[in-house]
Amino acid sequence: MSLTYKRIIVKIGSNVLTQDNGLPDTARIRHLVEQLAALKKLGREVILVSSGAVASGRSLVQVSDKADAVTSRQLLAAVGQVKLLSTYAELFGQHDLVCAQVLVTKEDFRDRVHYLNMQNCFGALLQNNIIPIVNENDVISVTELMFTDNDELAGLIASMLNADALLILSNVNGIYTGDPKDPSSELIREIEPTTTSFSSFVTTQRSQFGRGGMITKCHMAHKVAQLGIAVHIANGKTENVLPRLLSGEVENTRFIPYKIASGKKKWIAHSETAAKGVIHINDGAKTALTTPGKAISLLPVGITKISGEFQKGDIIKLIDEHQKPVGLGLAEYGSDKAVERIGQKNQKPLVHYDYLFLNAEIS
Ligand SMILES: Nc1ncnc2c1ncn2[C@@H]1O[C@H](COP(=O)(O)OP(=O)(O)O)[C@@H](O)[C@H]1O
Ligand SMILES: N[C@@H](CCC(=O)OP(=O)(O)O)C(=O)O
């Protein structure tokens with residue numbers, strides 16, 4: 001089997017880039033760059049999401065024990081990101097390739113203008129044959145403003161750029177049916193888009209330098225696959241993992257992609273944290289919206305209650321009669337008008353189908 005993905009996002013986790021002592025593993029970075037350069041030379045578009053700023057910072061400065069965790073992370077990342085990128089620039093340069101730094105925050109994905117600006121910049125970099133290297137801007141992303149981890153960031157980038165595939169390189173061969181260290185656990189080779197429960201076999205355990213763990217990878221991968229993008233989780237420490245993954249020669253877990261969604265739906269799908277209001281809908285409305293193959297907008301007649309205030313163009317969250325999330329949408333008008341129209345027939349849709357992302361599927 002040969003995978004012919006054209007636009008590929010590669011996420012390299014902290015554990016792949018870091019030695020046991022917490023310092024960066026330059027030999028491994030060099031080997032990964034060789035593989036990425038080879039992909040580039042085959043005509044693939046490559047976007048790298050790389051962790052490793054904090055680990056690189058550790059190789060340059062000793063942070064005082066008195067510094068709190070946030071300050072220490074800011075300091076190490078601020079210093080380390082320079083080193084990380086100069087290492088990449090030098091190594092890619094040896095293959096006559098130019099790379100670029102793109103540092104982002106969660107806020108940049110909430111604001112549609114920032115989002116479009118980012119998208120435009122990536123387009124320009126790719127057109128000029130430059131490899132974008134993305135990381136979270138750890139200096140200003142603190143506590144609740146942070147991504148769960150760089151897997152979440154990689155998922156957002158994959159959706160934003162309409163990638164064909166997202167390859168997540170971690171320190172395990174993929175997702176196992178139990179603890180990967182337990183010999184009775186087996187690797188799951190494929191995950192269907194309909195799978196939603198991961199907590200029965202994936203523990204919250206993280207590797208030494210990882211932030212989110214496998215469970216956040218699963219949730220993100222599932223969501224991205226629902227948008228029509230294939231996701232593979234493989235071991236970044238395996239020799240020549242990237243070419244071998246694409247030629248089907250190494251073990252990995254593949255999240256089978258679902259139907260293709262529009263760019264706007266992809267943005268809405270990842271905007272839950274930006275939701276301004278909650279729209280309670282009745283069972284009839286839920287059935288209508290989630291009927292496969294039907295493009296139905298949310299009408300006020302199916303709304304039973306509205307909480308929170310929002311303006312036209314804001315993201316709103318839809319929940320059913322049992323408080324279960326149904327999806328996310330873009331409000332066609334503000335909460336003032338919407339509240340007046342609750343339960344009324346013959347009113348304009350509050351969420352047009354083109355701007356509606358349903359949790360269960362993209363219909
Ligand atoms: N069912 C599972 N299959 C594979 N890995 C699992 C599972 N449950 C928990 N894990 C843990 O998830 C870790 C990888 O996630 P993480 O620590 O976030 O790494 P990374 O730095 O690559 O993002 C593995 O090292 C493993 O300990
Ligand atoms: N931005 C941080 C890494 C954050 C992170 O979540 O890493 P990972 O556990 O590899 O997804 C850094 O560069 O050190």
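We're numbering straight along the sequence, starting at 1. The figures here come from the full heavy-atom set of this structure, side chains too, leaving out hydrogens, waters and symmetry mates. As the structure lists them, so they are numbered: ligands from 1, and atoms in each ligand from 1.
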- Would you say Ser14 has any N or O atom under 3.5 Å from an N or O of ligand 2, going by distance alone? yes
- Query: Tyr5 and His232: ring pair (Phe, Tyr, Trp, His ring centres under 6.0 Å), yes or no, with the steps?
  - Reply: CA-CA 12 Å; Tyr5 305 132; His232 296 257; 5.7 Å; yes
- Note on the structure: Nearest heavy-atom contact between Val231 and Ala225 is CG2-N, 4.2 Å
- Query: Does Val54 reach ligand 2 with a nitrogen or oxygen that is under 3.5 Å from one of the ligand's nitrogen or oxygen atoms?
  - Reply: yes
- Task: Give the numbers and elements of all ligand 1 atoms closer than 4.0 Å to a heavy atom of Ser170.
- Result: 14 (C), 19 (O), 20 (P), 22 (O)
- Item | ligand 2 contacted by Gly52 (non-hydrogen, < 4.0 Å) | yes
- Between Val172 and ligand 1, is there a nitrogen or oxygen pair with a distance under 3.5 Å? no
- Query: Can you check whether Ala53 has an N/O within less than 3.5 Å of an N/O in ligand 2?
  - Reply: yes
- Message: Only heavy atoms of Gly13, strictly under 4.0 Å: list the atoms of ligand 2 that pass.
- Response: 10 (O)
- Can Ser51 be said to touch ligand 1, with heavy atoms closer than 4.0 Å? no
- Going by the atom numbers of ligand 2, which of them fall below 4.0 Å from some non-hydrogen atom of Asp149? 6 (O), 11 (O)
- Task: Using only heavy-atom distances, determine whether the side chains of Asn359 and Lys324 contain a donor-acceptor pair under 3.5 Å.
- Result: no
- Message: Treating Thr18 as the side-chain partner and Ser14 as the backbone partner, does any N or O pair qualify as donor plus acceptor under 3.5 Å?
- Response: yes
- Task: Using a strict 4.0 Å cut-off to heavy atoms of Asp151, name the atoms of ligand 1 that fall inside it.
- Result: 23 (O)
- Item | Close-contact set for ligand 1 against Ser14 heavy atoms, below 4.0 Å | 21 (O)
- Message: Quick one: does any side-chain atom of Thr253 pair with a main-chain N or O of Ile175 as donor and acceptor, under 3.5 Å?
- Response: yes
- Query: Okay, side chain of Asn128, backbone of Leu125: is any donor-acceptor separation there less than 3.5 Å?
  - Reply: no
- Message: For ligand 2 and Asn15, I'd like to know whether there is a polar contact (N/O to N/O, distance under 3.5 Å).
- Response: no
- Query: Parallel, tilted or perpendicular: which fits the ring planes of Tyr355 and His352, with parallel below 30° and perpendicular above 60°?
  - Reply: perpendicular
- Message: Check this for me - ligand 1, Tyr176, N or O atoms closer than 3.5 angstrom, yes or no?
- Response: yes
- Message: Donor-acceptor pair, distance only, cut-off 3.5 Å: does the side chain of Lys265 make one with the backbone of Leu356?
- Response: yes
- Query: Counting N and O atoms only, with roles assigned by atom type, does the side chain of Glu152 sit under 3.5 Å from a partner on the main chain of Phe147, one being a donor and the other an acceptor?
  - Reply: no
- Say whether Asn171, considering both its backbone and side-chain N or O atoms, lies within less than 3.5 Å of an N or O atom on ligand 1. yes
- Message: Below the 3.5 angstrom mark, is there an N/O of Gln81, backbone or side chain, next to an N/O of ligand 2?
- Response: no
- Query: Got an N/O contact under 3.5 Å between Lys217 and ligand 1?
  - Reply: yes
- Item | ligand 1 atoms in contact with Lys11 (distance to a heavy atom under 4.0 Å) | 23 (O)
- Message: Could you check whether Arg7 pairs with Asp164 (Lys NZ or Arg NE/NH1/NH2 to Asp/Glu carboxylate O, under 4.0 Å)?
- Response: no
- Message: Within the 4.0 Å heavy-atom shell around Asp138, which atoms of ligand 2 are there?
- Response: 1 (N), 2 (C), 12 (C), 13 (O)
- Query: Quick one: does ligand 2 sit under 4.0 Å from the side chain of Lys11, the backbone, both or neither, non-hydrogen atoms only?
  - Reply: side chain
- Item | Salt bridge flag under 4.0 Å for residues Asp151 and Lys217 | yes
- Within the distance-only criterion (no hydrogens, no angle test), does the side chain of Gln35 pair as donor or acceptor with the backbone N or O of Leu242 below 3.5 angstrom? yes
- Numbered atoms of ligand 2 (with element) below 4.0 Å of Asn135, judged on heavy atoms: 1 (N), 12 (C), 13 (O)
- Message: Could you tell me if Lys317 sits above the aromatic ring of Phe310, with its cationic atom closer than 6.0 Å to the ring centre and no more than 45 degrees from the axis?
- Response: no
- Counting from 1, what ligand 1 atoms have a heavy atom of Gly174 closer than 4.0 Å? 3 (N), 4 (C)
